[in-house]
Structures are given as C-alpha cells and as structure tokens.
Number of protein chains: 2
Amino acid sequence: MTEERPSPSGVERVIPQATVTRLATYLRVLSILADEGVLIVSSEELATAAGVGSAKLRKDLSFLGPNGVRGVGYDVARLRAKIDSALGLDRGHRVVLAGVGNLGQALAGYGGFARRGFTMVGLFDSDPARVGTEIDGLTVRHVDELVVACRELEATIGVIATPDEAVHGVAQQLVDGGVECILSFSPMVLDVPDHVEVRRVDLAVEMQVLSFNSSRNVSGPAGIADPAIVVAPRPVSPPPLTSSPLTSTARLGRSHGPRIAGNPNPVNSSTRNGSVIAP
Amino acid sequence: MTEERPSPSGVERVIPQATVTRLATYLRVLSILADEGVLIVSSEELATAAGVGSAKLRKDLSFLGPNGVRGVGYDVARLRAKIDSALGLDRGHRVVLAGVGNLGQALAGYGGFARRGFTMVGLFDSDPARVGTEIDGLTVRHVDELVVACRELEATIGVIATPDEAVHGVAQQLVDGGVECILSFSPMVLDVPDHVEVRRVDLAVEMQVLSFNSSRNVSGPAGIADPAIVVAPRPVSPPPLTSSPLTSTARLGRSHGPRIAGNPNPVNSSTRNGSVIAP
DNA sequence: TTTTGTGAACTCATTCACAGCT
DNA sequence: AGCTGTGAATGAGTTCACAAAA
C-alpha cells in the first residue's frame, strides 16, 4: 500500500518512456545492419539511420548502462542483445489476436512481429463464417473461448482488431484470461485494471494530427519551427453562447450519462503521449 | 529564408504538439456525445470519457481561445466545430492510398476516415492482379500513375501501406504529386523534403513498448509510478568487448554505407513522440 | 455555487558541450 | 584523433490551485 517504490534494492536505472519508444526503433535499424554484416556502428551513423540526433541516441543508450567503446563505436550484436533484453523481448511474448477482419488478417500475417520475438499463438473472431478457417497457419477460434485459450496458450499480449461494439467485451476477456498488456486499434477508451498496460493506435487520430500540421505548412516552406505551431490569425471571439435553446434542457442524460467509459477507475495505463492517449 | 516566423500578424496562439494529438481524441468523444443528443458537457465529464485529467483537458482547450461558459460547461456542437477548424479538418482532405494488401484494404474500408472529414479518392498498387479491381467504390490503379493522379485528384494526404521495398519509391511519387503529408505504416524512415509532414505508425514498435512496460508490471500491482520505470536489478557489467574478431574488420561498408536513409537532409518532420519517431 | 481559464510550480525530455577512455 | 557517456542548461508538457465569470 505504500505510495511509491523507487528503490527496492540498491542502485537502479530508470528508462524514460520516450526513450523506450526510440529503443524499439534502434533495434530495427540494428537488425538491418546485422543483416548487412556490419559489426560496429557509431552513434552518428546509427542515429542518422534511425532519424534522430546522435546526442539523443547516446543519451537513450546510456540508460542501459555502458554499451560502446569510446573512440570506436557500438558492437552491433551486443547492443542489439542489450536492447532486446531491456525491452523484455527475450521473454518470447505470445500474442493472441481478436478480430480477423482485414486489419486482423494484416496483423496476423505481419512478418515484423515474428521477426522481433513475438509469436502469434491464437486468432479469435465472433463471425461463424470466419471461425474454423485457417490463417497463416492458425485456425480461427470463436471469441467465446478467449478467456480459457489465453490461459492455455500462456498469452502475454492481446491485440484487439474488432469493431468498436465488441471492444469492451473482448478487453474484459483478455484481462480475465490474464494477459499483461493490450494493443487496441479501436478508438474506444478501454477500462481495465491498473496492472494491465494498454496501448491504443487510432488511425483517424493519426490522420487528424497530419491534417493539423499540414494546415500550418501550406504557407511557408521555410518558416515555423515545428514543435509548436502558429494558429488562427484572429483567435478571439468570446462565445456569446446561450443564444437560445439549451442551458438546462437536455443536459447529460442523468439516467445514463455519456454512456462512454463511466470509468470507476480513472483509466490508469492507457499509453502515454504520441499517437496514443495519456492517463 | 528567415529562420522563424512566430508572429506574422498580431497576437497568435501556439498549439503544442502533444495537445494536437489529444484534440483529435476529444473530437471523437464529442461526436459520440452529439450523437447521443448531449448538448452541454463539463470538462470533468469530457475528460473522463477521453481518459485524461480535467485540468489537462481545460489547458488543451484553452489554446483554442475561450470555449466554454463558466459554471456551465462546453457547448458540444460549438466545441466540436472549433476543434474541427483548429485541426484543419474542415478543409475536406482528399486521401490517396498506396498498397492495397490486407492492411491497405482495411484502411480503404475504414469508416472512421470518412466520418472525420477524410475522403478516400484513389487506390494504387503495383500488383497487376489487384489493379483494376474495385474496392469500396474505387477502382485500383497502377502505382505508376500516382504522380499524375495525385495532382488530378488534388490529394493532400498520402497513405503508404506497401511492402518495405516499395516505400521509398512511393514516397517520392507522393511528394512529386504534391501531397502535403504522408502517413506511413512501414518501419522505414522516409526521406522527404522539409515541407512534407510524415507520420509513421510502426506496429512492431507498439508491441515492443508494450513488452517493456509489461516486464515492469509483473512484480507489483501497487508499485512504480509509470512515467519512468525501474529496470535491471543489476545494471552494471561493463562490456569487455573487442574479445576477438572485429575491431577494424568489416566496418560499415565504406562504399555503400548502412544503405538505410543516408539522409542528406536529416529527416525533418517525422512525427514526434509516441508510436512514431522523433527527428 | 459551479465550472472555466490560466499563472506558477513542477516533472519529463532534449540539446549542448566537454571530460574521459581507447 | 575519435567517439562515447554524462552533467548541466534549456525547453516542452503536466499538474496544481485559485481567481474570475455565470
């Protein structure tokens, strides 16, 4: 019940969230380098390939402890192993996928997962037409078996690619089935216990962010340092509001509320910044 | 040529990147509320539904100028319109999609786009078997027509859902076709001019971040404030490295380099934090 | 009284610049 | 000479807490 746990034993290292995200990217670049037979890489080279600055890259890596050799660079294989381990990828995550529509099938067949240590162990859907079919070597099972199957298969990660209506139910089943984390492609905000990590990818949000940024870019190719962007030449206009019909009428339906996430526990995890939403 | 352009006219407002991302989320919640006939919503209610704290929500909205009525709340329709406009969604973006595999088809058929003001205007693929087929009311055209078609169709956004090998070529064509921004589902780092905004969604990265976070969650449900997370009980082990075979041998192939993004311009845009990568 | 809007304090993240090792 | 690792400086983003408005 203690509030925090910053130092269970002696000296610890903490990896900032933003760094974790980038580590995953470095890992991909390192794989490519390894495939090309490259043995040593400098921070400068690696950074360029990953699309970041070299200082940031070095800072990121420093959270894992000493990695490279001064005056030389990083041993590609060694660094790869270290990041793998830091991200917990060497644990061999077993993944179940709910929803085998177009998106689900794309995910099931995505080679990038297997290549990074994720094994797809179960596919689930509620559509009888899809149940029983085989996709990428796995037979689609009915979503009702999800809870039991998660335990049998020892799944640690659940991916949700179902229509929005099914999302809550599926999420609950994944939680009951004991998965540690959920990747959802629905815009719905999930409501899960604190110990389950949720990451949400909302395609429409991605597009909307793009839309905003493009609105700003139209004017000048040179201008505007991107981290924050100018908007609205005339931003004012205090809202006269309450023009005529509202005020007390039809407020939030008292009886049912907004019907969206009447979250008893105020959505703990829900991935941080970026494409995803923060708690 | 001037370095910055913070104040073209009088008083301006700047919207932080992180806020932009959340605005898109608020917008979705507002749509649902509107559908339910809700007219007024408080910051507390809206925040809960969106999975954020109410203070953050109010701060976010404050960048758009005054929106609500004190003691009352926000007019759902009005707020929606304001965010729509701030994000540039009222411009009616026209979207072209390259790569009509499973993922591409999922995107083409995704109702969430149309619902938020994006119109899919063109589908492209290089596979002769797919060219000519009709998906969701659009005929798939050959990717070689992309440059011309982008101009004809007046596309502002390009989505890339092709295999990695095709990504660079397609990106170049989109740029030549004059799109303002690109949403890519490939892990490849794109190399585009500064005025083109790139947003990258890397599914494997999402999973890897989850993996990391779950590694930490296993121990205690109570512990660890999430923003940064403890790692490695024994983080030390300075690398003996240079054990035997490497050092000067087979360094980065001088002739060809890492062959990945030998970026002349150091990748300007590339979306910020989160699922995506930072410049 | 209720709820917004916002300065001010604080936490997290990036960039700089250089000491320290090979 | 070259490149990593990191403290210190800066900047972005979040939380707090309260004054002002309805």
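Order of the sequence lines fixes the chain letters, A, B, ..., with proteins taken first and strands second; residue numbering starts at 1 for each chain.
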Round to a whole Å and report the spacing from [atom1] of [X] to [atom2] of [N].
X       : N      : atom1 : atom2 : result
A:Asp75 : D:dC3  : CG    : C1'   : 15 Å
A:Leu64 : D:dT6  : CG    : C1'   : 14 Å
B:Ile40 : D:dA22 : CD1   : C1'   : 12 Å
B:Gln17 : D:dG11 : CD    : C1'   : 15 Å
A:Phe63 : D:dT4  : CZ    : C1'   : 15 Å
A:Leu57 : C:dT14 : CG    : P     : 12 Å
B:Arg58 : C:dT3  : CZ    : C1'   : 7 Å
A:Glu44 : D:dT4  : CD    : P     : 9 Å

Enumerate all atom pairs, one protein N or O and one N or O from nucleotides 20-22 of chain C, separated by less than 3.5 Å.
from: C:dG20; atom 1: N3; to: A:Arg70; atom 2: NH1; distance (Å): 3.2
from: C:dT22; atom 1: O4'; to: A:Arg70; atom 2: O; distance (Å): 3.1

Side chain of [X]: nearest nucleotide among [options]?
X       : options                : value
B:Ser62 : C:dG5, C:dA8, C:dT15   : C:dG5
B:Tyr74 : C:dG5, D:dG5, D:dG13   : C:dG5
B:Ala55 : D:dC16, D:dC18, D:dT14 : D:dC16
A:Lys56 : C:dG5, D:dG13, C:dT14  : C:dT14
B:Pro66 : C:dG5, D:dT4, D:dG5    : C:dG5

Practice item. Mind grabbing the angle between the end helix axes of the helix from C:dT1-D:dA22 to C:dT22-D:dA1? Five pairs an end, 10° rounding. Key: 0°
Exercise for review: Output yes when at least one side-chain N/O atom of B:Ser42 is less than 4.0 Å from OP1 or OP2 of C:dT3, else no.
Suggested key: no
Point to revise | N/O (side chain, B:Arg22) to phosphate O (OP1/OP2, D:dG13) under 4.0 Å | key: no
Revision key, fill the gap. Residues B:Ile40 and B:Val76: closest non-hydrogen pair is N-CG2, 4.0 Å
How would you list, by chain and number, every residue that makes a side-chain hydrogen bond (donor to acceptor under 3.5 Å, both in side chains) with [X], sequence neighbours excluded?
X        : answer
A:Ser54  : A:Glu44
B:Ser184 : none
B:Ser31  : B:Arg80

**Study point:** CD-CG distance between B:Gln208 and A:Asp84, expressed to the nearest 0.5 angstrom
**Key:** 8.0 Å
Point to revise | B:Lys82 side chain to B:Gly65 backbone, donor-acceptor under 3.5 Å | key: no
Check your understanding: Taking B:Phe63 as the fixed residue, which of B:Thr19, B:Val14, B:Leu23 is the one that meets the side chain to side chain contact (heavy atoms under 4.5 Å, CB included) rule?
Key -> B:Thr19
Review point. Going by atom types alone, do A:Ser42 and A:Glu45 pair a side-chain donor with an acceptor below 3.5 Å?
Key: yes
Check your understanding: Taking atom types as modelled and ignoring hydrogens, do the side chains of A:Ser214 and B:Arg91 form a donor-acceptor contact shorter than 3.5 angstrom?
Key -> yes
